[in-house]
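Each remark here refers to the structure printed beneath this line.
Reckoned from all heavy atoms, side chains included, excluding hydrogens, waters and symmetry mates.
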Amino acid sequence: MAAKKILSYSRFILGAFLGIYLILVWMYFKDNARQLTSSGLLLWFVAIPLLLLGTIMALLWWQKKLDKQASKNSDSLDDISNKTESAKQPDTYQVFIFSRVCLPEGDSWSEVIDNDEDLTLLSDDLTDFDGLPILVKPITRLTDAASLPYQYISKGLEDSDWDVDTSDEDESRSERMAGLNDTTLRLCSLIHEQLTLSDEIWSVLAEHFYQHHQQDNMQSNSAAHIHPEWQQHYLVSAKEGNRDETMATAPTVRLSNLPIYLCLPASADSASLISVITEQLATYGIPETALSFTTIATDDTDATNDRVSEATTANPAEFINRHIISLSQSAAPDICLMLIADSQISEEWLDSHLYSNQTANVIPTEAGAMLVFFNKAAQDLLNIETSTSILLTEIDTPNDRDKETHTSNRLSNNRRYLNHLTTIQKLLIDNTLSLSPTNTAALNTVNKPTTKADDADSKTNVALSDLSITAISDINPSNQPYDMSVYMNFLDAFIAQGALVNERHLGHYMPLNHWLKPFISLSLFVDLVENDQQESDSVFLITQHKHCTMLWLADASQQSES
């Protein structure tokens, strides 16, 4: 690089010197024409200018030679890099998902996608700067919080005996309700609706925890009728003498607990919502001791959130990496529940967002998404019929230095998304829209997982011209025009090969909540795969995050088995 600069500066200096030289010589001999002889003419006006011009041309040739050599080296490095990247395909993880979504449009894919009604209403309680009622988009089918069968709301945490019937029960309930803000009460109704829509999975989990609870009680209480002096001896001898029999009759694996990640706005009373969730799950038979809660604030869009501890995550991409991908790699049964709920129809939300330019044309709405993630071992253990097998592939997560280099550069972010889609396009077309897990712990060591995503066994050998594809994204067309253009070009590659492509874009739901945007899309995607498997031969979802892109592909092998 330094040599190129030196050559460029040298040519500039010599060119300027040649021009000045010719001017000075011409001016001199103009006034002293008698001194100019034939030999002088050749020397001053031919030989010396040609020498300088030749030197300039030589420097120009040298610089072009260096440029050509540098371009050749760069091309060779690019070829090596491309070969390395193509040789190492992204890892694919199998994860099972049970999901329910709650939107003003409905609770399922067909209800949401096919709903073209005007769901906006004039609020009776919320007004704008001029005192006029504002336009809102609520979920009208939610049960009012005052009518929910929660003893926590009716009597509060301070009442230890919930079975005592008091004469002032209605007054206590009103006082408890008055202590909760509008956002918390609305989220209470929203979460209750999501949990109620998921009765089947709570019944399965409750039965599992009950069986292991009964087994633990039988083992711990088996010495209850033995003489006290012999109980300890009996416990030790029974544990040693009957180990083989116990291993043969009892399951060797179990779910130890149910981690719950509660994604809420900061204005919500998370402690109260945790209490009502615990109470509702207890009605299904899931004990409080089996639950562990982690609260995640969804208001902050910046990943560097000072309030986020090591146990939580700052953004959806980190959550997927830390919990979902880690869960899928576990050989032991593993499960986690994610509950996302948000309501903008409250004074608290208006006070904090009404002055923002981002909300100038936004209609306050509300939404919720509930997703239960579990791995293959948990699916084999629980046998949840309503779960959906999904193949998750994370595309291009840069290292910390790359993040520092490209985060502030919007053009680099756009270029990164283009590169992500190019990788996904090659991955899907090369594998004919069929991947297999490449980085998961094998429960059966005899059947080792494939080491490449494009192994021959993973291909369907079906021509793209014979496939019907449903492609879903979390792009918001109104404020992501560049991403939309790139994504449509991405789909054109499948259309060019004869595939019938039906695209959907779901990024406009709750646009100010960066947690609901990808996970509402994922919930609707899972519902589509679960209930409408005959519509498309292949269904995939692409969710775009700050530094990476996630490909969620319906597991064709599991669909064919079912």
> Between the main-chain N or O of Ala271 and the side-chain N or O of Ser275, is there a donor-acceptor pair closer than 3.5 Å?
Replying inline: yes

> Parallel, tilted or perpendicular: which fits the ring planes of Tyr487 and Phe490, with parallel below 30° and perpendicular above 60°?
Replying inline: tilted

>> Taking Ser389's backbone N and O only, do any of them form a donor-acceptor pair with Gln94's side chain (distance below 3.5 Å, no angle check)?
In response: no

> ring-ring contact (aromatic ring centres under 6.0 Å, His included) between Phe373 and Phe96: does it pass, once the steps are laid out?
Replying inline: CA-CA 6 Å; Phe373 302 95; Phe96 290 80; over 10 Å; no

>> Side chains of Gln379 and Ser387 only: does a donor on one sit below 3.5 Å from an acceptor on the other?
In response: yes

> Quick one: do the Asp474 and Ser521 side chains pair a donor with an acceptor below 3.5 Å?
Replying inline: no

> Looking at residues at least two apart in the chain, or sitting in another chain, which of them share a side-chain contact (heavy atoms from CB on, under 4.5 Å) with Ser123?
Replying inline: Asp125, Leu126, Ile134, Val136

> Listed by chain and number, what are the salt bridge (charged side-chain N to carboxylate O under 4.0 Å, His left out) partners of Arg504, not counting sequence neighbours?
Replying inline: none

>> Keeping Gln480 on the side-chain end and Asn476 on the backbone end, is there a donor-acceptor pair under 3.5 Å?
In response: yes

> Is any NZ, NE, NH1 or NH2 atom of the basic residue among Glu105 and Lys137 found under 4.0 Å from an Asp or Glu carboxylate oxygen of the other?
Replying inline: yes

>> Asp380 vs Lys376, test: salt bridge (charged side-chain N to carboxylate O under 4.0 Å, His left out). Steps then yes/no.
In response: CA-CA 6 Å; Asp380 293 340; Lys376 184 66 166 59; 3.0 Å; yes

> Is the shortest distance from a Lys or Arg side-chain nitrogen in Asp527 or Arg100 to a carboxylate oxygen in the other one below 4.0 Å?
Replying inline: no

> From Ile201 CD1 over to Leu197 CG, what is the distance, rounded to the nearest 0.5 angstrom?
Replying inline: 13.0 Å

